[in-house]
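When a ligand or atom number is given, it counts from 1 through the structure's own listing order. FYI, the numbering just counts along the sequence from 1.
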Amino acid sequence: MSRVLAWIDRRFPLSRLIRESMTEYYAPKNFNFWYFFGSLALLVFAMQVITGIFLLAHYQPSASKAFDSIQTIMYDVKWGWLIRYLHTTGASFFFIVIYLHMLRGYLYGSYRKPRELLWIVGFVIYVCLMAEAYFGYVLPFGNMSYWGGEVITSIVGAIPYAGSWLASLARGGFGIGTATLNRFMAFHAVLVPALLGLLVVAHVLALHETGSNNPDGIEIREHLGPDGKPLDGIPFHPYYTVKDIMGVGVFLIALSLVVFYAPTVHGLFIETYNYIPANPLQTPPDVTPAWYLAPYYAMLRAIPDKKLGILVLFLAIAAPFFLPWLDRNPRAKSIRYRPVYLAMVVVLVACLLVLGWIGMQPASPALLPPARIGLALYFLFFASLPFVSRIEPTRPVPDRLRM
Ligand code: HEM
C-alpha cells in the first residue's frame, strides 16, 4: 500500500491533500450539532446526482410522454419507486439541511470577517438550488408542474423591457410544452448541477482558507501553541469524521422514515395535483409553490402591485447576501454574547415560518395583514441590523473557547 501511495504522491499530491484537509486541518474543539449540516449537504447533493442519473435512464422530456414516463418509473421499472422517492424526498431534505446550515451562520455570525466570501459563495449556491428545484418541479409534467411553470415564467415576463423576450426564451415558445421540458431538463440535469459542483468546491476551499468559525464566534487561529497549531483546535480526522458519521446515521433514519412511510408528506413533498397530468385548460384551485419557496410566494402575494411585488421578491431573496456588511458589532459575533441579536434572529425565523404557512394556503384577504406584518419584520431585521449591532449590549467575550 505504502509503495502504491508513494507512486501516486510523486505524480499527484494525494497525501498532501488528505493532510491539509483532514488529518492536519484543525477545527475548533467545540462544534455542536449545528455543524453536521455542511457534511449532510454534501451527502444529499451526491444522493441527488446519483438518483437523478438513474431517473434520466427512463424519463422522457416531452409534453406527451413525460407524465407517463414517471408512472413507468414508479410501477414498471425495478426499484424505480425507490429511486424516485429518494430524489423527491432528497429535494425537500436538501432544503431542510441548507436552511439549518444557513441558520447556523446567522446564529454564530459565521458570515462575518474573514468569511465574507465563504458566505457569498454559499448564497450563490442557495440561489442555484432554488433554480435547480424549480426546473425539477416542472419536469414530471403533472398539473402543478404545468401551472408552476406558467406562473414563474410569467413572473419573468413582468421584468421591464426584456421580460416578454426572456419569458418566451425560457418557455421555448409561447406556451409550456416539449421545448420547455427539453431546456429545463438541460438546466436541471447538466448546467445547474455542474455549477453547483464548482461552487461547492469553491465553498470548501474558502472554508479551508479561513478555517471554521464555532459556537463562540472566537477565532482559534489567534491562539497558537509553540508547535504553530491552534490551542483550541483538533484534527478534523478522526474527530469530526467520526462525529459526522453519527449525524449521517440520524439523517438516514429520518430520510428512510419519509421515503418508506410517507413519501408525499400529505402533499408537502409531492404535490397532490401533480398526480394529475398537465392540463392547460384546467388550473388547479390553488397554485402554490413547494414548501421551501412558500415564504417568498407569500411576500409576492402580500403586495397588490405585480411589478412592485416582484421587486420585493428579488430584494427579499438578495437581502442575506449583504449580511457580512450589515452586522457591525465590533465586540462579538455569536448569539451567545448578543441577547438582542438572538431575539432578532428568533423573530426572523418565526416570520419566515408564518410566511411559509401563509404561502401554502389558498389566497385569502384574511391572510393579507399577517403576511404584510411578516414581510415588514423580515426587512426590518436587515434594515435595523447596522444600527442595532453597533449599540446592542454585548456580554464579555472570553479569549479562548468555552467547553
Ligand atoms: C450544496 C450546498 C452546500 C454545501 C455542500 C456546503 C458545505 C459546507 C461544509 C462541508 C462546511 C463545513 C462544515 C460545517 O461548517 O457545517 C460549510 C461551512 C459553511 N457554509 Fe456551507 N455548504 C452549502 C451551502 C451553503 C449556503 C447556502 C450557505 C449560506 C448562504 C453556506 C454558508 C456556510 C458558512 C458561513 C460556513 C462556515 C460556518 C462556520 O464555520 O461556522 N453554505 N459548508
### Query
At under 4.0 Å between heavy atoms, which part of F45 makes contact with ligand 1: side chain, backbone, both or neither?
neither

### Task
Any atoms of ligand 1 less than 4.0 Å from a non-hydrogen atom of W119? List them with their elements.
29 (C), 30 (C), 35 (C)

### Query
Nearest protein heavy-atom contact for atom 12 (C) of ligand 1: which residue, which atom, what distance?
L207 CD2, 3.3 Å

### Message
Quick one: does any side-chain atom of S334 pair with a main-chain N or O of Y108 as donor and acceptor, under 3.5 Å?
### Response
no

### Task
May I ask you to decide if the ring planes of W119 and Y106 are parallel, tilted or perpendicular, using 30° and 60° as cut-offs?
perpendicular

### Message
Show the atoms of ligand 1 that are less than 4.0 angstrom away from any heavy atom in F94.
### Response
1 (C)

### Task
Just do the ring-ring contact (aromatic ring centres under 6.0 Å, His included) check on Y292 and F93 with the steps written out, would you?
CA-CA 10 Å; Y292 38 81; F93 269 59; over 10 Å; no

### Task
For ligand 1, indicate whether the residue I125 contacts it via side chain, backbone, both or neither (heavy-atom separation under 4.0 Å).
side chain

### Task
Report yes or no: is the cationic atom of R11 (NZ for Lys, CZ for Arg) closer than 6.0 Å to the six-membered ring centre of W7, at no more than 45° off its axis?
yes

### Message
Does any N or O of ligand 1 fall below 3.5 Å from an N or O anywhere on G38, backbone included?
### Response
yes

### Query
For ligand 1, is any non-hydrogen atom under 4.0 Å from N213's backbone (N, CA, C, O), its side chain (CB onward), both, or neither?
both

### Query
Which residue owns the protein heavy atom closest to atom 25 (C) of ligand 1, what's the atom, and how far is it?
H101 CD2, 3.3 Å

### Query
Among protein heavy atoms, which sits nearest to atom 4 (C) of ligand 1, and what does the distance come to when rounded to 0.1 Å?
A41 CB, 3.6 Å

### Query
Under 3.5 Å between some N or O of ligand 1 and some N or O of S110?
yes

### Message
Suppose we measure from atom 37 (C) of ligand 1 to each protein heavy atom; which comes out shortest, and what is that distance?
### Response
L118 CD2, 3.4 Å

### Task
Using a strict 4.0 Å cut-off to heavy atoms of S212, name the atoms of ligand 1 that fall inside it.
40 (O)

### Query
Between R395 (side chain) and R336 (backbone), is there a donor-acceptor pair under 3.5 Å?
yes

### Task
Tell me, please: is F123 in heavy-atom contact with ligand 1, that is, under 4.0 Å?
yes

### Query
Would you say the side-chain atoms of Y337 and D216 include a donor-acceptor pair closer than 3.5 Å?
yes

### Euclidean distance, S154 OG relative to I310 CD1, rounded to 0.5 Å
7.5 Å

### Task
For the pair K29 (side chain) and L401 (backbone), establish whether a donor and an acceptor sit closer than 3.5 Å, ignoring hydrogens and angles.
no

### Query
Can you tell me which residue and heavy atom of the protein come closest to atom 14 (C) of ligand 1, and the distance to 0.1 Å?
R104 NH1, 3.5 Å

### Task
Drop me the distance from L385's CG to R390's CZ, to the nearest 0.5 angstrom.
10.5 Å

### Task
Spell out, as yes or no, whether a donor-acceptor pair under 3.5 Å connects the side chain of W147 to the backbone of N279.
yes

### Message
For atom 42 (N) of ligand 1, tell me which residue out of R115, Q48, M102, H203 has the closest non-hydrogen atom.
### Response
H203

### Message
Using a 4.0 Å heavy-atom cut-off, which part of Y106 comes near ligand 1: side chain, backbone, both, or neither?
### Response
neither

### Task
Would you please say whether a donor-acceptor pair under 3.5 Å links the side chains of N329 and Y341?
no

### Protein heavy atom at shortest distance from atom 24 (C) of ligand 1
I98 CD1, 3.6 Å

### Query
Between K333 and E219, is the closest basic N to carboxylate O distance under 4.0 Å?
yes

#### Entry: Part of L129 within contact of ligand 1 (heavy atoms, under 4.0 Å)
neither

### Message
With a cutoff of 4.0 Å, is V200 in contact with ligand 1, counting heavy atoms of the residue only?
### Response
yes

### Residue, atom name and distance, where the atom is the protein heavy atom closest to atom 27 (C) of ligand 1
G122 O, 2.9 Å

